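Every value quoted in this text rests on a predicted model; they were computed, and no experiment measured them.
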Amino acid sequence: MAVRSEFRIFILYFKLDHMNSKLRVGLVGYGKAAHMHAQALLNIPECTLVGVQGRSLEKAAAFGNVYSISGFDDLAQMIRSLSLDIIVICTPHPYHRGSAEVGFAHGVHVLIEKPIAASLEDADAIIAASKVAGRKLGIVSQRRFLPPSLRVREAIDAGKIGTPVLGTVFMLGWRDQVYYESDPWRGKWSTEGGGVLINQAPHQLDMLQWYMNSEIEEVYGVWRNFNHPYIEVEDSAVAIIRFKSGGIGNLVLSNSQKPGLYGKVHVHGSNGASVGVETDSGSMFIVGQTSIKVPPRNDIWTVPGEENLLTVWEAEDRKHFVTIDPVEYYMRLQDRDFVLAVAEDREPLVTGEEGRKTVEIFTAIYRSQESGLPVKFPIS
């Protein structure tokens with residue numbers, strides 16, 4: 001490829017012809033994810049971070065002091081008082097719907113941390129509210145913006161592997177008791193909505209369906225809790241996916257491997273060629289607790305004539321990796337894509353409908369566990 005993928009994303013999505021004034025952005029939630037977004041938003045020239053809202057005015061004010069922004073305990077008041085254009089929702093998954101509906105009712109555009117919601121009912125309500133309001137809805141999935149991830153997408157679009165026929169996700173990581181006790185909502189059905197499927201796996205679930213270029217026909221899945229007796233939810237899950245295109249997929253997802261190994265998404269094509277990305281490796285990244293220490297990479301690439309590019313790309317990616325804060329940098333790409341989508345009146349790379357597909361996959365696995373049978377799509 002003549003142009004590095006990390007620069008191509010700017011060419012494809014980040015071109016801004018003109019902007020009369022900076023868009024005004026507010027955060028919903030003041031937890032670990034909100035800090036990631038705050039640091040990214042402060043480095044985006046086309047917007048201004050001006051406020052944060054949460055249930056505790058004291059905590060919102062303390063968060064606001066860190067970034068020199070205003071704190072609120074009422075979302076509607078923050079939107080009105082600060083004349084917001086965009087809100088970024090960073091609260092636990094079951095609470096996304098309420099904040100999104102308030103935001104749309106007050107005319108702002110809404111970017112939501114993954115997943116869009118903990119249930120299909122909430123996801124559909126959020127999407128419907130965005131359409132009624134005529135406002136943009138985006139879902140955070142920043143691993144789509146990794147250069148190795150974009151190379152996979154570009155190879156598929158160019159027909160280099162023929163038709164995607166087999167997709168695999170292997171995400172083996174670790175979360176200890178300290179992690180689950182770091183926030184009172186973690187590890188509970190009522191406040192987290194699920195375990196590895198709903199919290200750690202959405203990035204890879206999103207990428208798999210993005211790469212396979214097909215709607216899903218059915219999903220059969222099972223989940224277990226192997227070594228986390230202090231939580232209610234699953235720490236491991238396996239699933240088989242049948243796509244309407246005739247393709248198939250396999251998911252192996254777990255938080256039960258110390259100290260954490262890797263996250264991989266591989267796609268194998270009808271012409272025999274394979275492409276893939278290792279999005280995470282080594283000790284797994286935990287928001288607010290660890291950093292990303294190993295650069296993402298293309299770990300499989302058998303496109304005829306391009307097999308030798310793996311070593312070239314890995315060297316390029318490592319050289320770039322040491323020049324950035326990878327947590328802030330890729331979140332900034334995601335957030336800026338949404339800011340520019342609003343400014344340019346176009347769809348963001350990850351829309352509400354794309355986010356719903358992830359919810360439909362993990363919902364199917366939960367329902368398949370209950371029934372012991374495959375779950376047909378679409379799910380009502």
Side-chain angles (χ1 to χ4, degrees), residues 3-16 25 27 31-47 49 86 88-90 111-116 138-154 169 171 173 199-208 210-211 260 262-265 276-299 313-314 316-341 348-351 354-355 358:
V3 182
R4 285 175 58 99
S5 294
E6 64 263 38
F7 297 129
R8 182 175 286 115
I9 194 64
F10 285 102
I11 296 170
L12 291 175
Y13 298 108
F14 293 168
K15 183 179 179 182
L16 182 63
V25 182
L27 294 170
K32 300 178 182 68
H35 282 283
M36 282 199 307
H37 283 280
Q39 292 158 15
L41 289 163
L42 290 173
N43 290 324
I44 297 174
E46 296 85 6
C47 72
L49 179 63
I86 295 170
V88 182
I89 298 176
C90 306
L111 177 62
I112 304 178
E113 255 296 340
K114 58 81 187 165
I116 180 176
I139 311 303
V140 173
S141 188
Q142 73 269 28
R143 282 169 177 77
R144 281 201 190 192
F145 293 81
L146 303 175
S149 301
L150 292 170
R151 292 188 191 111
V152 172
R153 178 72 255 181
E154 291 163 358
V169 173
M171 196 203 75
N199 200 331
Q200 286 75 46
H203 290 289
Q204 284 73 25
L205 299 182
D206 169 68
M207 290 172 64
L208 178 68
W210 186 43
Y211 290 153
Y262 48 70
K264 300 172 181 280
V265 184
V277 54
E278 184 178 77
T279 59
D280 304 83
S281 62
S283 181
M284 304 301 278
F285 169 66
I286 301 176
V287 177
Q289 296 185 25
T290 63
S291 61
I292 300 175
K293 298 180 179 179
V294 180
R297 67 189 182 104
N298 295 109
D299 63 325
W313 290 334
E314 185 164 5
E316 290 179 353
D317 293 342
R318 285 187 176 277
K319 183 177 180 180
H320 178 61
F321 184 80
V322 299
T323 69
I324 62 172
D325 174 352
V327 178
E328 183 277 331
Y329 180 79
Y330 293 112
M331 188 62 74
R332 188 187 346 147
L333 296 187
Q334 168 90 69
D335 288 353
R336 189 169 186 234
D337 171 68
F338 188 76
V339 168
L340 298 188
L349 179 60
V350 191
T351 64
E354 286 288 280
T358 296

Exercise for review: For Pro295, enumerate each residue passing the side-chain contact (heavy atoms from CB on, under 4.5 Å) test, keeping only those at least two apart in sequence or located in another chain.
Suggested key: Arg318, Phe321
Sequence neighbours left out, what passes side-chain hydrogen bond (donor to acceptor under 3.5 Å, both in side chains) with [X]? Give chain and number order.
X: Arg297; answer: Glu278
X: Asn298; answer: Arg151
X: Thr279; answer: Gln204
X: Glu328; answer: Asn43, Arg332

Shortest non-hydrogen contact from [X] toward [Y]:
X: Phe338; Y: Gly138; result: CE1-N, 3.4 Å
X: Val88; Y: Val25; result: CG2-CG1, 4.0 Å
X: Asp317; Y: Pro148; result: OD2-CG, 3.6 Å
X: Leu150; Y: Arg144; result: CD2-O, 3.3 Å
X: Pro326; Y: Ile324; result: CD-O, 3.3 Å
X: Pro147; Y: Tyr330; result: CD-OH, 3.4 Å

Donor-acceptor check, side chain of [X] to backbone of [Y], threshold 3.5 angstrom: yes or no?
X: Lys264; Y: Asp280; answer: no
X: Tyr211; Y: Ser149; answer: yes
X: Arg153; Y: Trp210; answer: yes
X: Thr358; Y: Leu205; answer: no

Can you measure from [atom1] ([X]) to [atom2] ([Y]) and round to the nearest 0.5 angstrom?
X: Arg336; Y: Cys47; atom1: CZ; atom2: SG; value: 9.5 Å
X: Leu333; Y: Ile44; atom1: CG; atom2: CD1; value: 8.5 Å
X: Leu27; Y: Met36; atom1: CG; atom2: CE; value: 11.5 Å
X: His37; Y: Glu113; atom1: NE2; atom2: CD; value: 3.5 Å
X: Ile116; Y: Glu354; atom1: CD1; atom2: CD; value: 11.0 Å

Point to revise | Sequence-distant partners of Asp335, salt bridge (charged side-chain N to carboxylate O under 4.0 Å, His left out), two or more places apart | key: none
Do [X] and [Y] come close enough that some side-chain heavy atom pair is under 4.5 Å?
X: Met207; Y: Val277; value: yes
X: Asp337; Y: Phe145; value: yes
X: Leu111; Y: Val140; value: yes

Practice item. Decide yes or no on side-chain contact (heavy atoms from CB on, under 4.5 Å) for Lys114 and Val350, but give the supporting numbers first. Key: CA-CA 10 Å; Lys114 58 81 187 165; Val350 191; over 6 Å; no
